[in-house]
Amino acid sequence: MTALRRDFFARSVHDVAPALIGCTLVVDDVGGRIVEVEAYAPDDPASHGFRGQTQRNRVMFGSGGHAYVYRSYGIHWCLNLVCAQEGVAEAVLLRALEPTSGLEAMRARRGLDDERLLCSGPGRLCQALGVTGEHDGLPLDRPPFELRAADAPVEIVRGLRVGITRAVERPWRYGLAGSRFVSRRF
């Protein structure tokens, strides 16, 4: 499979988000196929970058092709893939993977055996892959990250984002049609 380079991310989040469905993400040999993502754009009140740059979200304002990792509610890590050009705050939140490699490591980190629940949700995904704040700002085309293009075309479904209170009407959530690994049905 073809490795995704930083230039893949140097475009609109609305182009990148659906293009990630079916791609493979691996972090230190643990990962799987991306089955659910959400897009966050600069004009989006639900985006961390909407009100401007801060220390917490500074990576989002950097160049595309880097990891933006933050804590949600002070509990769970969330992994975003920064898009667009430097100075434009756009990112794709990874919501779910279909686990394909490093399942034993995922099971140990998550403390469960149910394959469907290992990476189903942003916090679960990061815990299973061992992603923490240490990954914030790292380039996505170098270790520990490995991103590969989908090996065949996939059917994508689209719906409303989940877990937000602003701009809930925007259909910027994308998923792999029929996947049992998504965090919520479409």
Side-chain angles (χ1 to χ4, degrees), residues 4 6 8-14 16-21 23 25-28 30-32 34-97 105-106 109-110 117-147 160-168 170 172-175 181-184:
L4 299 181
R6 277 183 250 177
F8 173 87
F9 297 95
R11 54 194 174 131
S12 168
V13 70
H14 300 296
V16 175
L20 285 168
I21 301 300
C23 294
L25 168 69
V26 176
V27 181
D28 285 327
V30 177
I34 299 171
V35 298
E36 183 185 2
V37 301
E38 289 179 346
Y40 289 89
D43 63 345
D44 177 6
S47 172
H48 288 184
F50 182 69
R51 293 202 167 112
Q53 186 173 342
T54 65
Q55 183 60 31
R56 177 188 188 206
N57 70 14
R58 67 180 171 68
V59 172
M60 233 182 136
F61 287 85
S63 59
H66 289 82
Y68 167 48
V69 182
Y70 66 89
R71 273 231 199 250
S72 178
Y73 303 110
I75 301 168
H76 305 289
W77 293 108
C78 293
L79 173 59
N80 296 260
L81 312 182
V82 177
C83 302
Q85 310 302 320
E86 189 164 344
V88 180
E90 296 188 9
V92 176
L93 171 66
L94 296 185
R95 287 200 55 86
L97 294 181
M106 290 184 198
R109 290 171 179 157
R110 295 272 302 119
L117 296 177
L118 290 175
C119 300
S120 177
R124 292 173 177 172
L125 183 152
C126 284
Q127 185 179 19
L129 271 57
V131 172
T132 69
E134 297 295 316
H135 294 88
D136 188 40
L138 295 180
L140 297 168
D141 60 353
R142 290 191 210 146
F145 293 104
E146 182 181 345
L147 272 161
L160 302 178
R161 297 176 295 182
V162 295
I164 58 173
T165 57
R166 296 184 204 115
V168 295
R170 297 183 185 187
W172 293 354
R173 179 175 164 235
Y174 303 90
F181 296 95
V182 295
S183 65
R184 293 195 187 165

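Count residues from 1 along the sequence.
- Going from atom NE2 of His66 over to atom CZ of Arg6 covers 4.5 Å, rounded to the nearest 0.5 Å.
- Here the side chain of Arg161 pairs a donor or acceptor atom with the backbone of Ala39 at under 3.5 angstrom.
- Checked by atom type and distance alone, the side chain of Ser183 never pairs as donor or acceptor with a backbone atom of Ser120 at under 3.5 Å.
- To the nearest 0.5 angstrom, Arg124 atom CZ is 9.0 Å from His76 atom NE2.
- The environment of CZ in Arg184 is sparse: at most 12 heavy-atom neighbours from other residues, nucleotides or ligands sit within 6.0 Å.
- Looking at Leu79 and His135, their side chains never come closer than 4.5 Å, going by heavy atoms from C-beta outward.
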Asn80 and Tyr70: CA distance, side-chain angles, deciding distance, side chain to side chain contact (heavy atoms under 4.5 Å, CB included) verdict: CA-CA 8 Å; Asn80 296 260; Tyr70 66 89; 2.9 Å; yes
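- Side-chain contact check for Leu125 versus Glu36: every heavy-atom pair is 4.5 Å or farther apart.
- In this structure, the separation between SG on Cys119 and CG on Leu25 is 9.0 Å, given to the nearest 0.5 Å.
- The heavy-atom pair separating Phe9 from Gly65 by the smallest distance is CB-N, 3.3 Å.
- The minimum heavy-atom distance between Cys23 and Leu4, with the atom names listed, is SG-CD1, 4.0 Å.
- To the nearest 0.5 angstrom, Trp77 atom CH2 is 4.5 Å from Arg71 atom CZ.
- Looking only at distances, a side-chain donor or acceptor of Glu90 sits under 3.5 Å from a matching main-chain atom of Val13.
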Derivation and outcome, side chain to side chain contact (heavy atoms under 4.5 Å, CB included), residues Leu140 and Phe8: CA-CA 10 Å; Leu140 297 168; Phe8 173 87; over 6 Å; no
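- Shortest non-hydrogen contact noted between Leu129 and Val30 is CG-O, 3.7 Å.
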Residue pair Phe145, Leu81: steps toward the side chain to side chain contact (heavy atoms under 4.5 Å, CB included) verdict: CA-CA 11 Å; Phe145 293 104; Leu81 312 182; 5.9 Å; no
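- When atom types are taken as modelled, the side chain of Arg109 and the backbone of Ala128 share a donor-acceptor pair closer than 3.5 angstrom.
- Proximity of a side-chain donor or acceptor of Glu38 to a complementary backbone N or O of Arg95 within less than 3.5 Å is not detected.
- Side-chain contact between Val59 and Val69: absent, with no pair of heavy atoms (C-beta onward) separated by less than 4.5 Å.
- Looking only at side-chain heavy atoms (C-beta outward), Ile21 and Val37 come within less than 4.5 Å of each other.
- Side chain to side chain, Arg110 and Gln127 meet the donor-acceptor criterion of an N or O pair below 3.5 Å.
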